[in-house]
K.L.:
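Dumping the structure here so I can ask a few things about it.
Just so it is clear, the model here is predicted, and its values are computed rather than measured. Numbers here are sequence positions counted from 1.
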Amino acid sequence: MPWFQRSRGNSHQARVCWVVMGEGEVTVRVGSPRLGEVHRTIPIPGAPGHG
């Protein structure tokens, strides 16, 4: 029945957002007991005109 549908949502997925200020590099690591770990290093450039 369309009015009685139930959903647990998406309990196996998460979304995050970070605001990174400054310059240099940031490393993000995400891990899962079942699937292992992934990491990425992202360069953060300095503001134009500085440096």
K.L.:
Tell me whether V20 shares a hydrophobic cluster with I42, the cluster being built from Ile, Leu, Val, Met, Phe, Trp, Tyr side chains joined at under 4.5 Å.
P.N.:
yes
K.L.:
Set out, in order, the CA-CA distance, both residues' side-chain angles and the distance that settles side-chain contact (heavy atoms from CB on, under 4.5 Å) for W18 and V26, then state yes or no.
P.N.:
CA-CA 11 Å; W18 291 283; V26 64; over 6 Å; no
K.L.:
I need the minimum non-hydrogen distance between P43 and P45, along with the two atoms involved.
P.N.:
O-CD, 3.6 Å
K.L.:
Flag yes if V16 and V28 sit in one hydrophobic cluster, no otherwise; membership is Ile, Leu, Val, Met, Phe, Trp, Tyr, and two members link when side-chain heavy atoms are under 4.5 Å apart.
P.N.:
yes
K.L.:
Would you please name every residue forming a side chain to side chain donor-acceptor pair (under 3.5 Å) with T41, sequence neighbours left out?
P.N.:
T27
